[in-house]
Each structure stands twice: as structure tokens, then as C-alpha cells.
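See below for the structure under consideration.
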Amino acid sequence: MQTKTPFKIGNATSQQYIGGREESRSGTELRIPLSFSNTIEIKINHVFFRGKEAQSALDTLENEKVLVVKMPNDLIESSEAINLKLKFDEAVISYNENGETKYAKVQGIKQKQPLIYKSAPKN
């Protein structure tokens with residue numbers, strides 16, 4: 001686990017989402033704001049959160065780089081994630097820096113109210 005990273009981790013949030021239709025999925029979305037201090041080539045690999053491991057995407061939301069991770073409820077648990085023994089409000093980011101895999105812990109993830117999508121109107 002790295003204590004110094006080439007990026008600063010902002011205030012992360014998680015939010016459950018519940019699809020309004022039978023074929024819609026439900027799960028948790030994790031958002032981790034990141035600010036990069038220099039131009040070192042960084043590649044985000046995976047994020048470990050609540051016993052699961054998922055791919056992530058770095059998006060720009062409101063002029064801020066945010067790591068967005070969608071973890072559907074049917075995503076199977078990861079033994080590597082379980083072995084990290086993270087608290088409910090913690091996650092770990094796996095990333096490559098100069099060809100070397102490193103890990104950074106995210107703490108104090110704030111749980112937001114669930115997002116419940118309405119079902120489509122019936123005709």
C-alpha cells in the first residue's frame with residue numbers, strides 16, 4: 001500500500017442504484033475524485049470495494065477527474081478484495097506507475113442516499 005501517490009484522492013462517495021425495470025440492474029456506484037500532480041503515465045487497473053473487484057473509468061465531471069466504478073449486485077466476490085480486509089467505508093485502487101503495480105487506499109467513503117429509478121409507464 002502506497003503512502004505517497006502521484007495523484008491526490010478527493011472525497012469519495014458511494015451510492016446504491018436500483019433499476020426500475022425487471023431487466024435493469026442494481027448495484028453500487030463508487031466515485032473517487034483524483035487530481036494528478038504531474039504528467040507521469042498512470043494506468044488505473046482495478047478498484048476493490050466491499051469484497052468485490054471491478055474495472056473503473058476515469059471521467060471528467062464538473063471539470064474534475066473522477067474515477068467511476070459500477071459494481072452490479074450480481075458481481076461475484078473477489079478473494080483478493082476479501083483478503084484486503086477493508087472497512088465498509090474503504091476501497092483500494094490498483095494502478096500501474098512506470099510499469100509497476102501499486103495500491104492506494106481510499107478512506108472515509110461517504111454513503112449517499114440510494115438512487116431508485118422509476119419503472120417505465122405501462123400502456
Side-chain angles (χ1 to χ4, degrees):
M1 212 59 68
Q2 303 299 306
T3 54
K4 287 186 102 178
T5 61
F7 49 85
K8 183 179 178 201
I9 300 170
N11 296 323
T13 61
S14 70
Q15 184 174 33
Q16 285 185 296
Y17 59 91
I18 301 167
R21 297 189 318 215
E22 193 173 321
E23 66 273 7
S24 299
R25 299 180 88 176
S26 298
T28 301
E29 181 178 89
L30 177 63
R31 291 183 177 208
I32 307 169
L34 300 177
S35 55
F36 296 88
S37 55
N38 52 37
T39 58
I40 291 178
E41 187 69 30
I42 301 293
K43 179 185 179 293
I44 305 294
N45 298 324
H46 306 282
V47 174
F48 302 95
F49 183 60
R50 297 184 183 162
K52 297 181 179 182
E53 174 183 353
Q55 296 288 331
S56 58
L58 193 58
D59 290 335
T60 302
L61 303 171
E62 298 174 9
N63 295 324
E64 182 177 51
K65 294 282 187 191
V66 178
L67 193 61
V68 178
V69 185
K70 290 202 181 243
M71 297 187 149
N73 286 339
D74 59 359
L75 185 66
I76 60 171
E77 290 189 333
S78 158
S79 60
E80 190 174 353
I82 292 170
N83 289 339
L84 289 170
K85 296 183 178 18
L86 298 171
K87 295 179 184 172
F88 191 74
D89 67 342
E90 294 178 334
V92 168
I93 301 170
S94 166
Y95 65 97
N96 281 355
E97 180 182 13
N98 298 324
E100 183 181 350
T101 301
K102 297 182 178 183
Y103 300 89
K105 186 181 271 190
V106 181
Q107 298 176 303
I109 299 169
K110 182 182 176 200
Q111 179 72 42
K112 295 171 73 175
Q113 290 293 323
L115 182 59
I116 302 170
Y117 294 99
K118 294 181 181 179
S119 62
K122 295 184 172 120
N123 292 338

Quiz item: Is atom CG of Asn11 surrounded by more than 12 heavy atoms (other residues, nucleotides or ligands) closer than 6.0 Å?
Solution: no
Quiz item: Given Leu34 and Val66, is the side chain to side chain contact (heavy atoms under 4.5 Å, CB included) satisfied, shown in steps?
Solution: CA-CA 6 Å; Leu34 300 177; Val66 178; over 6 Å; no
Exercise. Sequence neighbours left out, what passes side-chain hydrogen bond (donor to acceptor under 3.5 Å, both in side chains) with Thr101? Give chain and number order.
Key: Asn96
Quiz prompt | Partners meeting side-chain hydrogen bond (donor to acceptor under 3.5 Å, both in side chains) with Thr28 (sequence neighbours left out) | solution =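 Thr28 satisfies side-chain hydrogen bond (donor to acceptor under 3.5 Å, both in side chains) with no other residue.
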Quiz item: CG/Leu30 to OG1/Thr13 distance, rounded to the nearest 0.5 angstrom?
Solution: 7.0 Å
Quiz item: Once you round to the nearest 0.5 Å, how far does NE2 of His46 lie from CD of Gln55?
Solution: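 Here the rounded value is 5.0 Å.
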Of all the heavy-atom pairs spanning [X] and [Y], show the shortest one and how long it is.
| X | Y | value |
| --- | --- | --- |
| Gly51 | Ala81 | C-CB, 3.6 Å |
| Pro72 | Lys52 | O-NZ, 3.6 Å |
| Ala12 | Val106 | CB-CG1, 3.8 Å |
| Lys70 | Ala54 | O-CB, 4.2 Å |

Self-check item: Pairs where residues 99-114 contributes a residue and the test salt bridge (Lys or Arg N to Asp or Glu O under 4.0 Å) is met, not counting sequence neighbours
Solution: Glu90-Lys105, Glu97-Lys102
Quiz item: Which residues pass the salt bridge (Lys or Arg N to Asp or Glu O under 4.0 Å) test with Lys65, sequence neighbours left out?
Solution: none
Quiz item: Of all residues at least two apart in sequence or in a different chain, which pass the salt bridge (Lys or Arg N to Asp or Glu O under 4.0 Å) check with Arg50?
Solution: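 Testing Arg50 for salt bridge (Lys or Arg N to Asp or Glu O under 4.0 Å), a comparison that skips the adjacent residues, returns none.
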Quiz item: For Val69, does its backbone N or O pair with a side-chain atom of Glu29 as donor and acceptor, under 3.5 Å?
Solution: no
Quiz item: Does a side-chain heavy-atom distance below 4.5 Å link Gln111 with Asp89?
Solution: no
Quiz item: Does a side-chain heavy-atom distance below 4.5 Å link Ile109 with Phe49?
Solution: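 In contact.
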Exercise. Among residues two or more places apart or on two chains, list those pairs meeting side chain to side chain donor-acceptor pair (under 3.5 Å) that have a residue in residues 75-85.
Key: Glu53-Ser78
Quiz item: Can you say whether the rings of Tyr95 and Phe7 are parallel (under 30°), tilted (30 to 60°) or perpendicular (over 60°)?
Solution: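 Perpendicular: the ring planes of Tyr95 and Phe7 meet at over 60°.
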